[in-house]
Peer 1: 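So that we are looking at the same thing, I have put the structure below in C-alpha cells.
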Amino acid sequence: MRRRFSQVCPAVFVLVLLSPRCVLAQWVTWYRFGTEGSYVHEIAHLFFAFSMLFFIYEIFHAHLQKFRGFRLLVWAWAILVFWNLDAFIGHWADWTLQNPVILGQGWGRRLLMYDFQTWLVYFTKIDHFILLVPAFLLFYLGLRALVQKPGAE
C-alpha cells in the first residue's frame, strides 16, 4: 500500500504540473476596483498586517523583547503593519478616484491635484520607500543580531 502511494503521488504531481491550459502572463484587469483580484489584494494587505501584529503580540507575550534582535524585529513588523494599512488606504483611494491623477502622455504629463483624495493617492504612491526600506533594514539587522547571539548555532 505504501509503495503504491509513493508511485501514484509523483505521477499525480507531474500530471497537475503539466496539465494547465495556456494563460496570459499578466492579467490586466485584476487591479480594477470591484474585481476579484482587487478584493484579494486588499484582503492580503489586511492579513499581512494582522500577521505582523500577531508576531509582535507573541514576542511580548513570551517576554522576548529583552533581546536586541527581537526588539529590532518588532520595530520592523510595526513599520510593515503601518505600510500595509497605508497601502490598503492608498489602493482604496486610487480605485475610487473619479478623475485621473496624471494628465497627458509622454513629456507633457502633469499631475492634477485638486482635492484630498488625489493628494492621498499621490502620497500613498510615493511613500513606500520611506516605510519599506527601514522595515527591511530593521528586519535584516534583527535577524543578524539573533544569529550573532552566543549559542545561536
Peer 1: Report yes if some heavy atom in the side chain of N84 is under 4.5 Å from a heavy atom in the side chain of F88; otherwise report no.
Peer 2: no
Peer 1: I'd like to know if F47 and V81 are part of one continuous hydrophobic network [Ile/Leu/Val/Met/Phe/Trp/Tyr, side-chain heavy atoms within less than 4.5 Å].
Peer 2: no
Peer 1: Identify whether W95 and F123 are in the same connected component of the hydrophobic contact network (ILVMFWY, side-chain heavy atoms under 4.5 Å).
Peer 2: no
Peer 1: Determine the interplanar angle of the H61 and Y57 rings, folded into 0 to 90°, and report it as parallel if under 30°, tilted if 30 to 60°, perpendicular if over 60°.
Peer 2: parallel
Peer 1: Considering residues, nucleotides and ligands other than E58, do more than 12 of their heavy atoms fall under 6.0 Å from its CD?
Peer 2: yes
Peer 1: Would a 4.5 Å heavy-atom cut-off, applied to side chains only, mark F55 and I59 as touching?
Peer 2: no
Peer 1: Do I130 and L85 land in one hydrophobic cluster if side-chain heavy atoms of ILVMFWY residues count as linked below 4.5 Å?
Peer 2: no
Peer 1: Are L146 and L73 side-chain neighbours, meaning at least one heavy-atom pair lies under 4.5 Å?
Peer 2: yes
Peer 1: Is the side chain of Q65 donor-acceptor paired with the backbone N or O of R71 at a distance under 3.5 Å, no angle test?
Peer 2: no
Peer 1: What class does the angle between the rings of W83 and H128 fall in, given that below 30° is parallel, 30 to 60° is tilted and above 60° is perpendicular?
Peer 2: perpendicular
Peer 1: Just wondering, do L72 and L143 contact through their side chains at under 4.5 Å, heavy atoms?
Peer 2: no
Peer 1: Linking I/L/V/M/F/W/Y whenever their side-chain heavy atoms sit closer than 4.5 Å, directly or via other members, would W77 and V133 fall into one cluster?
Peer 2: no
Peer 1: Just how far is it from atom CD of Q117 to atom CH2 of W92, taken to the nearest 0.5 Å?
Peer 2: 5.5 Å
Peer 1: Do W119 and Y114 have side-chain heavy atoms sitting under 4.5 Å apart?
Peer 2: no
